[in-house]
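Heads up, the thing below is written out as structure tokens.
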Amino acid sequence: MYPRVTAIVVAHSGGPRLQRTLDALAAQTRKPDAVIAVDCATTDDAARLLAASGPTQLLSIPEKLPFGAAVAAAVRVLPPTTSSDELIWLLAHDTAPEPEALAALLAALEVSPSVAVVGPKLVDAEDPAFIREFGEAMTPFGAAVPLVENELDQAQHDGLSDVLAVSSAGMLVRQTLWEALDGFDPALPTADDGLDFCTRARLAGYRVTLVAQARVAIGGDGLAGPNLSPKWRVRRRLVKERRAAQLHRRMVYAPGWAVPFHWLSLVPLAILRSLVRLLRKEPGSIGGELAAAFRVAFSGMAVGNARRRLAKSRTVTWAAVAPLRIPFAEVRRARALKREAALVSQQGEKQDLDFFGTGGGWTVLVALVAGALLFYPLVGNGALAGGGLLPLDTSVGQLWANLGYGWRDVSLGFTGAADPFSAVLAVLGSLTFWQPSLSLVVLYIVALPLTALGAWLAAARLTARTMLRVFGALVYTFAPTLFLAMQDGRPSAVLAHLLLPWLFFAGLAARRSWAASATTALLAAATAACAPILLPALVIAWIAAIVFAGRRAARIAFIPLPTIVLFAPLVWQQGARGAWLSILADPGVPLGSRQTPAWQLALGFPDGMLGGWHDLLEATGFAHAPTILVAILLAPLGILALLALFLRGTVRAVMALLVALAGFVTAVGALHLQVAAAGGTVVPIWPGTAVSLYWLGMTGAAVLALSALGRAAVYPAWVAIVAIGVAAAPVAIMTDRGTAEVVESDGRTMPAVVTAKASTQPRTGTLLITPQPDGGIAAEVVRGSGATLDDQSTLASTRRTVTGEQSELATLAGNLASRSGYDATKELTDLGVDFVLLAPSARTLDGNDTGTADATQSRATVALDANPVLAGVGTTANGRLWAFARGTDAVPSAAAIPADAGGIWRILVLLVQGIVVGVTLLMSIPTTRSADRVAELNARRAQGKGRDVVAVEPDDKPEPTAEGDETIADESVAEYDAEPEDEAVVESADEDEARAAEPEPDAELQAGAEDASVPENAAVPADIAEPEPEPEPGPAEAAPPAVPPTIPAVAPVPLAPHADQVPLVGRPPVAVALPAPVTADEAVASEASAEDEPRLPTRPVPIVEEQPTTLEDGLEETIIRPRRATDDGGDRG
Amino acid sequence: MADKRGLARIGARALGGIVGAGVAVVAIAGATLLPLPDFAIGAPAKTVRPIAADQQRVCPGPVLALAADAGSATQASPIGQANSMYGTDGPDVQVRSLKPDSDADSRSQAPQALTVSTPEGSSTPPLFAGAQIQAATSDDLAGLAASACAEPAADTWLVAGSTSLGQTSLVLLANPTSVDATVSLGIYTETGEVSAPGAAGITVPAGGQKVVPLAGLAPAASAPVVHVQTTGGEVVATMQQSFEQGIQPQGVELTGGTGAPSRQQIISGMTIANLAAVTAAESGESVGVEFPALRIFVPGTTDADITVGVVGEEGTAAGTSHAQTVKAGNVAEIPLTDLKDGSYTVTVNSSVPVVAAARTTSIGASKRDFAWFVSSAPLGDSLLAAVPGGPGGVLHLANPDEKDRTVTITPDDGKATKLVVPAEGAAHLAVSGTRYTIDGAEGLRGSVSFAADGASSTFALAPPGPLAAPIEVYPR
């Protein structure tokens, strides 16, 4: 009988696409017998166009129904039929069939009565030679897999016939079957509708085939068929849709007994998968992941209805569709092919950093040797003392317990926010977990090499020349401010100096990937924690970066997040005190610093003594000798930095000098901010860290100037290095000469008697009285074996008023240090004080006039000696000690740490900080670029600039190109539309019961196909022997198995061998027109002009399945792209 | 075309470079020269006024003679009895005798510890003072010896004494506290520090006295300075010096601690009497001993450039001044020349902290005596001066400030007198044996001197010890 075809055209919008579809429909060689146009609440010219096309029937539906529902509405107007010759052809407004399409589809249906559904080849609307999708299938665990997607059509897939499913777009289906199956599942409005329908058709005993000759050009609006929109909002929504579809199908296809288990696994699995997403740098997908899980978990009757619908029509077992699934081996192979294609396509965009080839190794070695020579006297007992150095707590657990919000065990103790610096210390201490204090010693030894490495890497962002990288690294490493910070015992300043070049190294790449931006975020948090005074400068840099980042602002905008959560409790508390400026106080032990004239800061010496030159040249008798000498020594650097403005690369030089200016201004400002008190002395913020920033900018500008000088740069570079080495020498050798504040120590800060008691009574108290230069005394209660660096709190050191408890402590200490009628017994007992320690007098920075302090010292000695309740113990290395017999070992309430200090806030703060930092950490771990993703990008590029360009918002424009791995397409797609993975494992639980599990094509789009190389299998317990990843085969995929056109449900015929040889279709010729004409390499070559060291040829990247994710790998990511790096956008001269 | 663009580019760069350099210069110069506002918090502090403790004073007791009993050469024996005067504006003074280190046969011959308790809830300790005087008239020990009843201290400088021929010096250590005091004596002479093994670890029992003959530690020292340091309890250290030429007693003096090392020492009320007789006696072997002199010692290692100013008190005499360098570690005696009879304020300004005291001799018709004038600390606003009954008592007040001061001096049993103390000058008032309340004396230095024909003595008025002064505490 002559088949009767009813074409159903569903329109969500009109415009040229609808016009084209209608025209194509009219141009069919075999015209449909009837056309039902469904106008779904369109607002443009769609209704007019539809009407003008003269459909048999025009339905106007006042809401935007999904495709399946709209088709169902159209089918309802057809008379019910029992004839298998009544066919319906499903079209959307953006699916334009080629003239022979219907004829070819019909031909396939007519010859084989067992075939109930046929699908066309979906090709790109603009480029018909490009296959968008051709057939869908599932893995054995049920993940949707497009059989063919985004490939250049070379007729390589025309042999495909029997498949598990076809896309809903352009599908020709027998009306009887449609009615029998009750149409598309309403719970699958956008994703997997065709896959689910075809699967049910297969289970009902029918076949589904592809017809290669029938071609339908698809616009990719997502109504039917793949959604090709590059908009990240759409992609992100799709992630949710697809995941929800997959989960829904899982619940529907699973055997009844497994449904509760699946239901229970939904949310935990979603959380696990979210973590994996983070690792894969797809933070945008997490929301969709969780939303999908919740939506399916609470979808009401949807699953039940779908299960009933499936059961009603099913006539064969799940085993019938098993052969049509894509085996895992195939999935893996496809992924490998894709990765290969991806690597090939990325070749030439990556530049080897060539660490060892351009002097990195030697530079670090030199710094290591210098560090070892200068600081070996500190190696010894495993701890440091002097200046702001205290030991760390002996327990790593305690280091971590200090984080967040809670009990601050400073003196009397209080509940408050931890300094973010304590997090840095916790990390540091954990590195030498067996003896946390040792990490500070190690820090002193490796500070120089680590600084040199960071500075070398940062310099590598600016230049490719060996000499200049070495110059940058050494000049920054031998900064006097670093040595001053080390010799004065300022661990936080040392760390800040060390971290700054790393921060810039990572920060300059932050736009390029989530990994880099997360790394930057962590480094920024650490830097700010070490030197809060840098916060204003960092915020300015961040704002500037956002302005220049354009569309990538999301990655940049994310950077401050860890810093914000680390600082939030502290900021909140300081704000509540009204002491906003106190946020900027240096963490750790407050140390005084001299008021240094600004010109000395400009010379890079923040100590007011020109780093020892004053003492050294005092003998000459010429007061200005040190000034003049140091100025001469630093002149080369200053001249080079300013010279950069006159030479090629001005814009970048301006950037570098602005950084220097920010550092300088911050340093000057720091000295005028005196927000912390050390005993009776109010101390300014140490300007040295800001000088580090200044030095970094100066070094950068000098490197730029030298790179513009070309070959001649060698001489000024050496002059500058040597001069700075000489300038820093007096301060560098302080430790060797024994004149530094820092000395090695055994970690004891209290007399042995106290330490011994503290070993059995950790809360034993010592009242520490320190005579102050002004004649007063500082009073503090020290618990246990002494103060530790991680105990310090800026909340305590920046306190501006005396609390009630402190007032009582003051009264106690003041009376103990005086001839007094005060009976200290009660107060000492209440405070749990067992010892009174009179420390040596605090020195002023000049250290000369100690008369007043000494008078106080002797007054206190006399008074304490004469105090009948105290028994003199004697003079110890830490001062004179008296013991007080409390008469009990019980810990009084004032001495005990309250069990619930911080309460709910402690938990909340720790939770939020832990999550944010943990998430950032996960994202910062470099992972392999997803092969699927890259392949898809290639495909996308292939398909023509025109479309992508229009698809993107105009503001991406500024990114002309050179960004290697990142094109517009990449940008828009990659981040946001991660393709969900399947929890293969969970499904595998019901493996026996079948492949009954769920198949699902994430059909309409592989666009978002994300790498599936890390399935969460590992995390899920299961009986599965083999954790199979669930791939979405990419374009490079071989031909899927073809099932011969026999009756389904019969034993499968051997699968056609996969066409292993499928060429790199993923990267068709068009793709060569990468929008990256200027590679970094060229940029540098042209920029750095000089023919200095020959550029290394780009190394062919070995094609491996798993790309290494090592540091080396990370380094390789360094693309030398000077212009980009400084955001100047090109001062090509 | 290309050239034009090139030129424009170079021009732009040059401009940019010059602007950049300008910004750098402006930034550095501006930050260096401009007065930038400071933001500074104050270190959180609390001024603690120590709860007033019981105040103690110790009167050293009568002068002692060594080997008065031929049986034991080192046994000290008291001679006669001192006449003491003490008082307070608070509750009663409790007096107790310390256990003497002499063969005293009566409790009144022992050092007296005076105690005043501070009333409950009182924020300031009561005014409290005491002093003693004794006119000794034994065969070989005669003269006028006055001394303040001093507050025990852990660190006392005694600038007096001598162990040269005819001179006997005893260091009297009295410990009124309830713990034993371990005393070490640092002895310095004109030849430097004396290392005397017996000078360290001298135990002064709680509530007892210890007498240390200086000759045993530093024999033949004509100008010793003794630094008394204690641990444990605190002591009152007094130097008793007596001079006997031939069999003729030439005077005796009890000298309390002088001011702690400081760059400025002020000795108030140095009185010179009968200088003509002294000059006349200036002959033979006794050269210099009678002549007014300033004994000065520089602790530490840096030589001191000192300026000595001697200013006559209102209505007495003009002054003199001179400068010289004193070697660190050695005691120097500087003769005070060009003076006439009268009362003087001696001011020593030094480049490094020094200790100082002055000595004068009074030669009378038949007898002679000497006196040591010590420097003292600034007085508080109001104080009590106890003047024991002695001959020719005079209260001296010196004013180092640049403004005249008027003090009110009220005797216990009389009418208040107003005394104007001129700026950078001094004033005096004759007093007799009673207690005087002095108001408005903040920052002044004071002393009381006694003089008669061939007899003189003095003691300084000391403020309460710094031990009980308010203290700034920076709690953490």
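Naming convention: chains lettered A, B, ... in sequence-line order (proteins, then strands); numbering from 1 in each chain. Please read these numbers as outputs of a predicted model, since none were measured by experiment.
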Under 4.5 Å, counting heavy-atom pairs only, tell me which of A:Pro597, A:Ser807, A:Ala796, A:Ser582 racks up the most with chain B.
-> A:Ser807
Between A:Val675 and chain B, which part of the residue has a heavy atom less than 4.5 Å away: side chain, backbone, both or neither?
-> both
Greatest number of non-hydrogen atom pairs under 4.5 angstrom with chain A, of B:Ala31, B:Ala154, B:Ala12, falls to B:Ala31
What part of A:Tyr822 gets closer than 4.5 Å to chain B, counting heavy atoms only: side chain, backbone, both or neither?
-> both
May I ask you to name which of A:Ala602, A:Gly679, A:Ala677, A:Ala676 has the most heavy-atom pairs under 4.5 Å with chain B?
-> A:Gly679
Select one option (side chain, backbone, both, neither) describing which atoms of A:Ile769 are under 4.5 Å from chain B's heavy atoms.
-> neither
Under 3.5 Å, side chain of A:Asn815 to main-chain N/O of B:Ile51, donor-acceptor pair present?
-> yes
Region of B:Glu151 in contact with chain A, defined by heavy-atom distances below 4.5 Å | side chain
Any side-chain heavy atom of A:Val802 within less than 4.5 Å of one from B:Tyr474?
-> no
Highest number of heavy-atom pairs under 4.5 Å with chain A among B:Ala45, B:Pro353, B:Ala469 belongs to B:Ala469
Sort B:Pro261 into side chain, backbone, both or neither according to what part of it lies under 4.5 angstrom from a heavy atom of chain A.
-> neither
Can you say whether A:Val668 sits under 4.5 Å from chain B via the side chain, the backbone, both, or neither, judging by heavy atoms?
-> side chain
Interatomic distance, A:Thr803 atom OG1 to B:Lys46 atom NZ [nearest 0.5 angstrom] = 10.5 Å
Do you know the tightest heavy-atom contact between A:Leu645 and B:Gly16?
-> CD1-O, 3.9 Å
Check whether B:Val23 gets within reach of chain A through its side chain, its backbone, both or neither, counting any heavy atom under 4.5 Å.
-> side chain
Pick from A:Leu812, A:Thr811, A:Leu809 with the largest number of heavy-atom pairs that fall under 4.5 Å of chain B = A:Thr811
Among A:Gly776, A:Gly814, A:Ala779, which has the most heavy-atom pairs under 4.5 Å with chain B?
-> A:Ala779
Of all of A:Leu657, A:Val683, A:Leu581, which one pairs up most often with chain B through heavy atoms under 4.5 Å apart?
-> A:Leu581
Minimum side-chain heavy-atom gap A:Arg819-B:Glu234 below 4.5 Å = yes
Part of A:Glu805 within contact of chain B (heavy atom distance under 4.5 Å) | neither
Honestly, the part of B:Thr177 sitting under 4.5 Å from a heavy atom of chain A is neither
Which pair of non-hydrogen atoms, one from A:Ala813 and one from B:Val473, has the smallest distance, and what is that distance?
-> CB-CG1, 4.3 Å
Part of B:Val48 within contact of chain A (heavy atom distance under 4.5 Å) | side chain
What part of A:Thr596 gets closer than 4.5 Å to chain B, counting heavy atoms only: side chain, backbone, both or neither?
-> neither
Would you say A:Ser411's side chain and B:Arg476's backbone share a donor-acceptor pair under 3.5 angstrom?
-> yes
Can you say whether A:Ile777 sits under 4.5 Å from chain B via the side chain, the backbone, both, or neither, judging by heavy atoms?
-> both
Contact leader toward chain A among B:Leu33, B:Asp155, B:Ile28, where contacts are heavy-atom pairs under 4.5 Å | B:Ile28
What are the two closest heavy atoms between A:Arg799 and B:Ile41, and how far apart are they?
-> O-CD1, 4.1 Å
Under 4.5 Å to a heavy atom of chain B? For A:Leu673 that would be both
Side chain, backbone, both or neither: which part of B:Ile18 has a heavy atom under 4.5 Å from chain A?
-> both
Shortest non-hydrogen contact between B:Arg13 and A:Phe646, atoms and distance | CD-O, 3.3 Å
Might you point out which heavy atoms bring B:Gly42 and A:Val682 nearest each other, and give the distance in Å?
-> C-CG2, 4.1 Å
Considering non-hydrogen atoms only, spot the tightest contact between A:Leu642 and B:Ala24 and give its length.
-> CD2-CB, 4.4 Å
